[in-house]
Amino acid sequence: MRLFAAIVPPREVLKDLTRVVRSATLVDVPAEPRKHLLRHRLGRGEHAAGRPLTVVVGSPELDIPPLELMHIPITGFGNVTLGDSGTLAAALRDEAAAWAPAQVAIAGGTALEFPGDTSVWAKLDGDLGALATIGRGVPLVVQRLGFFVDRRQFRPWLSVGTITDETTAPYLERLVAALEAYRSTSWTIDHVSLMRKPNDATSNDRFEEMERMPLAGG
């Protein structure tokens with residue numbers, strides 16, 4: 001099975017965030033071909049011809065995941081046997097008990113931030129120092145055990161959707177502006193979730209929370 005560590009925001013926070021994402025509407029605005037922003041950052045070639053577009057809720061310009069698939073990834077561990085997963089979980093459990101909880105909120109947004117990135121992101125604000133300790137700590141624990149670790153840099157960002165063939169620069173600008181103006185209710189990150197997904201699962205199958213690793217005082 002495939003394992004990874006993540007932070008899963010409360011469901012009510014995710015529901016409200018998704019409401020904001022779906023409310024980023026365009027009214028009688030030309031849906032131009034992907035403009036300089038998309039061509040420059042994604043390296044795409046030809047695009048569909050422009051046409052008027054009115055969106056009431058949501059948009060074909062963004063694939064929004066179900067709430068069950070929304071999380072803030074910390075790092076992935078690749079394919080792990082059942083026996084190794086127990087060893088990994090025990091080590092993470094011990095280390096997580098020493099990390100301080102983090103009080104955070106969702107505030108701000110961005111999109112297409114690095115080569116190959118196709119996501120629109122909501123950012124976390126608050127006790128980012130404690131959150132960074134968690135983001136650095138999980139990979140170190142796993143590396144000491146000799147397991148594979150996804151070496152991509154931890155970012156306190158949550159993907160709220162991915163672009164589609166219909167995505168335009170004006171839509172992205174409007175959506176990011178809506179995220180920049182938004183601030184969720186705050187919550188305390190008091191555990192790290194160890195997530196698993198069967199090797200035969202499809203990309204649309206939900207991950208399962210294998211275990212919650214309480215942080216200090218949890």
Side-chain angles (χ1 to χ4, degrees), residues 6-74 102-128 131-132 135 152-187 189 203-204 206-207:
I7 293 165
V8 182
R11 188 174 181 86
E12 289 306 310
V13 171
L14 294 177
K15 285 175 64 176
D16 194 55
L17 175 62
T18 301
R19 174 191 59 79
V20 172
V21 172
R22 291 186 181 279
S23 72
T25 61
L26 292 173
V27 180
D28 296 330
V29 174
E32 302 175 27
R34 293 177 193 254
K35 293 167 62 178
H36 174 72
L37 172 67
L38 297 187
R39 291 200 300 268
H40 174 70
R41 304 182 82 167
L42 293 182
R44 297 289 176 87
E46 299 178 358
H47 310 293
R51 60 188 182 280
L53 173 68
T54 300
V55 182
V56 179
V57 291
S59 171
E61 300 193 56
L62 192 73
D63 283 334
I64 303 174
L67 299 184
E68 291 79 11
L69 297 182
M70 297 181 73
H71 56 267
I72 301 156
I74 300 175
Q103 188 78 16
V104 300
I106 292 173
T110 189
L112 317 182
E113 278 295 312
F114 47 86
D117 181 25
T118 59
S119 286
V120 177
W121 304 91
K123 297 181 177 181
L124 264 63
D125 189 24
D127 194 354
L128 299 184
L131 191 55
R152 284 176 291 186
Q153 178 185 1
F154 169 71
R155 294 179 173 88
W157 299 352
L158 169 68
S159 175
V160 298
T162 54
I163 62 172
T164 73
D165 289 339
E166 300 294 325
T167 308
T168 62
Y171 174 79
L172 280 183
E173 290 163 1
R174 187 179 180 93
L175 177 54
V176 170
L179 292 171
E180 283 291 314
Y182 173 73
R183 187 177 185 88
S184 74
T185 56
S186 64
W187 81 94
I189 297 173
S203 60
N204 293 324
R206 64 173 294 174
F207 301 105

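Computation of the quantities below employed the complete heavy-atom set of this structure, encompassing side-chain atoms and omitting hydrogens, waters and symmetry-equivalent molecules.
Residues Glu180 and Lys123 are not paired through a salt bridge, judged by the lack of any N-O separation under 4.0 Å between the basic side chain and the carboxylate.
Within the 4.5 Å cutoff, the side chain of Val20 has no heavy atoms near those of the Val160 side chain. With contacts defined as side-chain heavy-atom distances shorter than 4.5 Å, the pair Asp127/Ile189 does not qualify. Side-chain contact between Val21 and Val120 is absent, with no heavy atoms from C-beta onward closer than 4.5 Å.
With sequence neighbours excluded, the residues satisfying side chain to side chain contact (heavy atoms under 4.5 Å, CB included) with Pro65 are Leu69, Met70. Under the side chain to side chain contact (heavy atoms under 4.5 Å, CB included) criterion, Ser159 pairs with Ser119, Trp121, sequence neighbours left out.
Checked by atom type and distance alone, the side chain of Ser184 never pairs as donor or acceptor with a backbone atom of Val13 at under 3.5 Å. In this structure, the side chain of Ser186 does not engage the main chain of Ala105 through any donor-acceptor pair within 3.5 Å.
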ask   = Run the side-chain contact (heavy atoms from CB on, under 4.5 Å) check on Leu179 and Leu17 step by step: do they pass?
value = CA-CA 9 Å; Leu179 292 171; Leu17 175 62; 3.8 Å; yes
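Residues Ile72 and Arg155 share a closest heavy-atom pair of CG2-O, 3.9 Å. The minimum heavy-atom distance between Asp16 and Tyr182, with the atom names listed, is OD2-OH, 2.6 Å. Nearest approach of Leu62 to Tyr171, heavy atoms of both residues: CB-OH, 3.6 Å.
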